[in-house]
Participant: 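After the structure tokens below, expect a handful of questions from me.
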Amino acid sequence: KMEYLDTRQAPKLREELQQLIQSDGSKTIFIDLSSVHFIDSSGFGALISLLKDCKRLEKRLALIQLTHHAESSFKMLNLDKLFEIYPSLD
């Protein structure tokens with residue numbers, strides 16, 4: 001689990017999830033951010049890029065279990081309007 005979605009972690013996350021998005025038959029991809037306490041512009045960029053990839057492939061990208069700090073960052077940047085965000089899988 002990663003605590004920081006930053007310039008070091010974002011490229012790795014993006015690469016791994018792009019492979020998943022293209023190979024997984026699911027219509028919805030869930031990303032659990034429960035352990036992420038900090039997201040920088042690279043992290044947000046990676047998530048936005050993944051969202052675009054999902055839309056291109058007619059899939060949904062949903063973020064779940066955001067920490068308070070991560071959720072506040074999404075709201076401050078108005079990205080909570082762009083992403084589907086849920087407290088849990090339930």
Side-chain angles (χ1 to χ4, degrees):
K1 296 207 173 204
M2 74 177 77
E3 292 184 28
Y4 302 96
L5 184 46
D6 56 14
T7 54
R8 290 191 336 245
Q9 299 294 333
K12 180 182 176 186
L13 175 76
R14 183 176 175 195
E15 181 180 323
E16 289 176 4
L17 290 177
Q18 278 180 330
Q19 291 174 3
L20 175 70
I21 289 167
Q22 293 180 12
S23 64
D24 192 287
S26 301
K27 285 292 187 184
T28 304
I29 303 296
F30 294 95
I31 300 177
D32 182 341
L33 296 177
S34 60
S35 65
V36 176
H37 297 284
F38 176 79
I39 306 173
D40 72 2
S41 60
S42 298
F44 285 116
L47 291 171
I48 291 168
S49 178
L50 292 167
L51 180 63
K52 288 179 181 179
D53 290 343
C54 281
K55 288 185 178 193
R56 183 176 43 80
L57 296 170
E58 298 181 0
K59 296 185 178 198
R60 293 172 47 215
L61 179 68
L63 308 177
I64 59 168
Q65 297 184 337
L66 275 68
T67 61
H68 175 71
H69 179 75
E71 185 175 10
S72 296
S73 297
F74 272 86
K75 287 181 178 179
M76 183 177 66
L77 296 169
N78 284 325
L79 293 175
D80 59 324
K81 310 270 188 285
L82 184 64
F83 287 92
E84 293 182 51
I85 299 174
Y86 300 103
S88 69
L89 280 175
D90 299 330

Participant: Which side-chain N or O atoms in residues 75-84 pair as donor and acceptor under 3.5 Å with protein atoms at least two apart or in another chain?
Facilitator:
residue : atom : partner : partner atom : Å
E84     : OE1  : R60     : NE           : 3.3
E84     : OE1  : R60     : NH2          : 2.5
E84     : OE1  : Y86     : OH           : 2.7
E84     : OE2  : R60     : NE           : 3.0

Participant: Give a yes or no on whether the backbone of D6 and the side-chain of S42 come within a donor-acceptor separation of less than 3.5 Å.
Facilitator: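 Between the backbone of D6 and the side chain of S42 there is no qualifying donor-acceptor contact (under 3.5 Å).
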Participant: State, to 0.1 Å, how close R14 and A46 come at their nearest heavy-atom pair, and which atoms those are.
Facilitator: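 Result for this residue pair: CB-CB, 4.1 Å.
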Participant: Apply the hydrophobic cluster definition, ILVMFWY joined by side-chain contacts under 4.5 Å directly or through others, and give me every member besides F38.
Facilitator: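 Members alongside F38: Y4.
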Participant: How long is the span from the CD atom in E71 to the OG atom in S73, to the nearest 0.5 Å?
Facilitator: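 Rounded to the nearest 0.5 Å, the CD-OG separation comes out at 10.0 Å.
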Participant: Under a 4.5 Å side-chain heavy-atom rule over Ile, Leu, Val, Met, Phe, Trp and Tyr, are F30 and I85 clustered together?
Facilitator: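 No, no single cluster joins them.
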Participant: State yes or no: do F44 and L13 share one hydrophobic cluster built from I, L, V, M, F, W and Y residues joined by side-chain heavy-atom distances below 4.5 Å, directly or via other members?
Facilitator: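 Both belong to a single hydrophobic cluster.
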Participant: Determine yes or no for a side-chain-to-main-chain donor-acceptor pair under 3.5 angstrom, with S49 supplying the side chain and G45 the backbone.
Facilitator: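 Absent.
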Participant: For the atom pair CG (L5) and OG (S41), what is the distance rounded to the nearest 0.5 Å?
Facilitator: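 The OG atom of S41 is 10.5 Å from CG of L5, to the nearest 0.5 Å.
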Participant: With a cut-off of 3.5 Å and sequence neighbours excluded, list every side-chain donor-acceptor pair involving residues 61-68.
Facilitator:
residue : atom : partner : partner atom : Å
T67     : OG1  : V36     : O            : 2.7
T67     : OG1  : A70     : N            : 3.2

Participant: Any side-chain heavy atom of I29 sitting closer than 4.5 Å to one from L50?
Facilitator: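 With C-beta onward as the side chain, the pair stays apart.
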Participant: Using 0.5 Å steps for rounding, measure from the CD atom of Q22 to the CZ atom of R56.
Facilitator: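 Nearest 0.5 Å value for the CD-CZ distance: 6.5 Å.
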Participant: Hey, what do you get for NE2 (H37) to NE2 (H69), rounding to the nearest 0.5 Å?
Facilitator: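 Interatomic distance, H37 NE2 to H69 NE2, rounded to 0.5 Å: 10.0 Å.
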Participant: How long is the gap from CD on Q18 to OG on S23, to the nearest 0.5 Å?
Facilitator: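 Result: 11.5 Å between the selected atoms.
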